[in-house]
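Here the structure comes first, spelled out in structure tokens, and everything after it is commentary.
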Amino acid sequence: MPPPSSPSGHDSDSGGVAAALEKARRDKLARIAALGHDPWGRRFDGATPIATVRAAGEPLRRPPGEPPADDGPAVRVAGRIMLQRSAGSLVFLDLADRSGRIQVMIGKKQVGPEAWQLADCLDLGDLVGIDGRLGWSKTGEMTIFASALAFLGKSLETPPDKYHGLVDPEQKQRQRYLDLIHGEGVRERFMARSRIVAAVRQTLTERGYLEVEGPTLQESAGGAAARPFSTHHNALDMALVLRIALELHLKRLLVGGLERVFELGRVYRNEGVSPRHNPEFTMLEAYEAYGDYTTMMDLTEAIVAAAAVAAGTPPVVRWMGRDVDLARPFRRVRYDDLLAEVVGCDPADPGALAAAAAARGIDTTGRHPDVIKSDLFEATCEQSLVAPTFVIDYPAAICPLTKRKAGRPEIAERFELYVAGMELANAYTELNDPDLQEELFRTQLAGLPAEESMARMDHDFLRALRHGMPPAGGLGIGIDRLVMLLTESSSIRDVILFPLLRPVGD
RNA sequence: GAGGCUGUAGCUCAGUCGGUAGAGCAGCGGACUUUUAAUCCGUCGGUCCAGGGUUCGAGCCCCUGCAGCCUCACCA
């Protein structure tokens, strides 16, 4: 609620600098209202994006020192005041919308006494609409020479430092709206994210995939090895968990005959937080009947390529401290071959593997040879993969949802895509043998601690498989990590608008 | 969950050996019809993250807590 108008009153003792700064803005808000304008604005039609205006203004360019040219085409823009410079009877504004920034000049004589009074009530952060002529100032800056001023919304809070913006990462995340306004490249990064998601969706749709939505509330969470979040439905008095993966329901849809399906959605994992992990994150999973994991390799390359184009990513990105060349086709290397190459021991020899693992401090006592192998792989091979690389043909024992290679039951038809040491995608030739699937579920559950065995066997999924699921390829891509790569972001929190933060009293 | 770093005005940051809390920006008043983080003159502005302790005296030293960042672990 605006207080009664008291222009130039500045001896308020309401406590605190913030309150005094806000009072100055509320005083102006009252003056704006007194001038007959709605300080919260009204519908404002016909504004042109500033980037479009800038493109139109470029051919009119005049070098610095020339007399100002203020007779270009009439334009209308709307945006937020980022900078304000007054020079007597002239005011220069830097106005920003989501497409860009442009300078606006308001001259006392040019706009008339009423608009000039309104211009005197403007603060950094206010939203205004401008009508004027596009041109160039004497100092060689593209400028809209205002003829009319519409007030579209008051900012009552002091914006961040006009030069440095917000730099405190905590405040950038807690007040993302400010980060979007003032952060270097922040708005563009999130607009790139939006284009990436659209490109992923388009790539799949073009290939005949149907977008579907599975349940996020489930009786038990399956499809991945992670602890779920628990919740409760009141009316049904029913314990529920949030999904940790999309897999099991999408495969039911393959049984149902939808043949090519994908879901682009949020999954929730009750695990630790890190620069690469957020408790909720966006996952793509896609399944194609009658395909296999090589089908999914082609699809993965197509998706990454389309997303890179959409994001405007350069061919070589600087990511996680390395130069990453995104050229296709991506390298394909077999799991065992990579292990042999990096570790230098025979991957088929469990004794040699255990020795190599033990030499790197990995616990080997009483553990399955494939699990030891997997730990050794993670400790040595992952970091060696810089350019996008498909690691293919995994040890079967660590792949409970994957079809085995024909005639080689110890090898699973699976690949993971690594970039700069980080896992970006994971895909299988999907296991569709219900009896083997049930057996693998049982052995997997037997190995879990009691806390996690709440992730029970999904009997309905097994029943679906017994009805007959076509052989298929399936793919999962961590969208947040893809966005990180394509926007050269080193923390997942930089590509999630509102990452989970601990509450803080204020 | 463990270790390291950080927390000072609305924002960005200084703060020496433990001795009255500083600057720039923003704000307010004034000058300026071509400014570019405008400039110039004047002026207002503090729960030094919170709570304890040591000390004649703590922004600074000690302890506890909170939050963020980094590394590690679980995970993708």
Side-chain angles (χ1 to χ4, degrees), chain A residues 7-13 15-25 27-28 64-70 82-94 101 103-110 123-125 135-143 145 155-175 178 182 224-227 244-245 267-283 378 382 416-418 422-426 449 451-452 476-482 484 490-493 499 501-506:
Chain A
S8 75
H10 54 287
D11 51 357
S12 155
D13 198 17
V17 187
L21 291 171
E22 182 175 335
K23 183 179 183 307
R25 285 166 177 261
D27 287 347
K28 288 183 188 166
E66 297 268 312
D70 59 0
M82 304 302 292
L83 289 176
Q84 197 176 8
R85 301 173 287 280
S86 86
S89 303
L90 293 180
V91 173
F92 294 89
L93 307 177
D94 278 11
R101 269 197 198 205
Q103 172 169 278
V104 173
M105 194 199 83
I106 302 171
K108 185 177 183 179
K109 281 184 185 164
Q110 289 85 336
D123 282 307
L124 292 180
W136 289 76
S137 73
K138 191 163 95 180
T139 48
E141 176 80 14
M142 193 191 296
T143 302
F145 296 88
S155 168
L156 294 174
E157 298 266 353
T158 308
D161 187 280
K162 66 186 180 186
Y163 184 62
H164 300 92
L166 270 191
V167 299
D168 175 20
E170 178 174 355
Q171 201 176 353
K172 283 162 74 74
Q173 291 166 27
R174 288 193 194 278
Q175 295 184 273
L178 284 183
H182 295 100
R227 285 182 295 175
I244 58 173
V267 298
Y268 308 85
R269 298 191 180 177
N270 208 337
E271 305 282 356
V273 173
S274 86
R276 297 155 197 68
H277 303 265
N278 194 62
E280 55 177 315
F281 63 103
T282 301
M283 177 87 105
E378 285 174 21
E382 288 187 1
E416 292 193 338
L417 176 65
Y418 284 92
M422 196 183 293
E423 183 189 339
L424 210 65
N426 183 16
E451 190 183 0
E452 290 175 40
I477 295 181
I479 294 297
D480 310 273
R481 290 184 171 182
L482 179 64
M484 286 170 69
S490 58
S491 170
I492 199 168
R493 290 162 169 267
L501 294 170
R502 297 177 130 106
V504 65
D506 59 356

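None of these values were measured; they are calculated from a predicted model. We name chains A, B, ... by the order of the sequence lines, and we start the count at 1 in each one.
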*Distance-only, no hydrogens or angles: does the R25(A) side chain make a donor-acceptor pair with backbone N or O of S155(A) under 3.5 Å?*
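A pair under 3.5 Å: yes.
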*So, does R481(A) use its side chain to make a donor-acceptor pair with the main chain of E423(A) at under 3.5 Å?*
yes
Would you measure the distance from the [atom1] atom in [N] across to the matching atom in [M] and give it in whole Å?
{"N": "C60(B)", "M": "A26(B)", "atom1": "C1'", "answer": "29 Å"}
{"N": "A9(B)", "M": "G27(B)", "atom1": "C1'", "answer": "12 Å"}
{"N": "A23(B)", "M": "A37(B)", "atom1": "P", "answer": "24 Å"}
{"N": "U8(B)", "M": "G4(B)", "atom1": "C1'", "answer": "22 Å"}
{"N": "C70(B)", "M": "G29(B)", "atom1": "C1'", "answer": "47 Å"}
{"N": "C44(B)", "M": "G22(B)", "atom1": "P", "answer": "13 Å"}
{"N": "G1(B)", "M": "A73(B)", "atom1": "C1'", "answer": "8 Å"}
{"N": "U64(B)", "M": "A21(B)", "atom1": "C1'", "answer": "26 Å"}

_On the side chain of D161(A), is there an atom forming a donor-acceptor pair with the base of G24(B) - under 3.5 Å, no angle test?_
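Result: at least one qualifying N/O pair found.
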*asked:* Can you say whether a donor on the side chain of E141(A) sits under 3.5 Å from an acceptor on the base of U35(B), or the other way round?
replied: no
_Residue pair Y418(A), E382(A): steps toward the side chain to side chain contact (heavy atoms under 4.5 Å, CB included) verdict_ = CA-CA 7 Å; Y418(A) 284 92; E382(A) 288 187 1; 3.0 Å; yes
*Start at the 5' end of RNA chain B and walk down; is the nucleotide closest to S491(A) or to V273(A) reached first?*
S491(A)
Taking any heavy-atom pair under 4.0 Å as a contact, classify [X]: base, sugar-phosphate, or nothing.
{"X": "E157(A)", "value": "nothing"}
{"X": "D94(A)", "value": "nothing"}
{"X": "K28(A)", "value": "sugar-phosphate"}
{"X": "V104(A)", "value": "nothing"}
{"X": "N278(A)", "value": "base"}
{"X": "G272(A)", "value": "base"}
{"X": "R174(A)", "value": "sugar-phosphate"}
{"X": "M105(A)", "value": "base"}
{"X": "A87(A)", "value": "base"}
{"X": "G476(A)", "value": "nothing"}
{"X": "R101(A)", "value": "nothing"}

_Basic-acidic side-chain contact under 4.0 Å: D94(A), R85(A)_ =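 Salt bridge: yes.
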*Stepwise side chain to side chain contact (heavy atoms under 4.5 Å, CB included) test for R174(A) and L501(A)*: CA-CA 8 Å; R174(A) 288 193 194 278; L501(A) 294 170; 3.3 Å; yes
*Taking only the side-chain heavy atoms of V167(A) (C-beta and beyond), determine which of A73(B), U12(B), A26(B) contains the nearest atom.*
U12(B)
*If you look at every heavy atom in P499(A) and N278(A), which pair is closest and at what distance?*
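Shortest heavy-atom contact: CB-OD1, 3.8 Å.
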How many whole angstroms separate atom [atom1] of [X] from atom [atom2] of [N]?
{"X": "K108(A)", "N": "C32(B)", "atom1": "NZ", "atom2": "P", "result": "9 Å"}
{"X": "L501(A)", "N": "C66(B)", "atom1": "CG", "atom2": "P", "result": "16 Å"}
{"X": "R276(A)", "N": "A73(B)", "atom1": "CZ", "atom2": "C1'", "result": "13 Å"}
{"X": "I106(A)", "N": "U34(B)", "atom1": "CD1", "atom2": "C1'", "result": "14 Å"}
{"X": "H182(A)", "N": "G10(B)", "atom1": "NE2", "atom2": "C1'", "result": "12 Å"}
{"X": "E271(A)", "N": "G1(B)", "atom1": "CD", "atom2": "C1'", "result": "13 Å"}
{"X": "D168(A)", "N": "C49(B)", "atom1": "CG", "atom2": "P", "result": "13 Å"}
{"X": "M283(A)", "N": "A76(B)", "atom1": "CE", "atom2": "C1'", "result": "7 Å"}

*Would you say R502(A) reaches A67(B)'s phosphate, i.e. side-chain N/O to OP1/OP2 under 4.0 Å?*
yes
_Phosphate OP1/OP2 of C69(B) contacted by Q173(A) side-chain N/O (<4.0 Å)_ = yes
*Take D168(A) and K172(A), measure what salt bridge (Lys or Arg N to Asp or Glu O under 4.0 Å) needs, and give me the verdict at the end.*
CA-CA 6 Å; D168(A) 175 20; K172(A) 283 162 74 74; over 6 Å; no
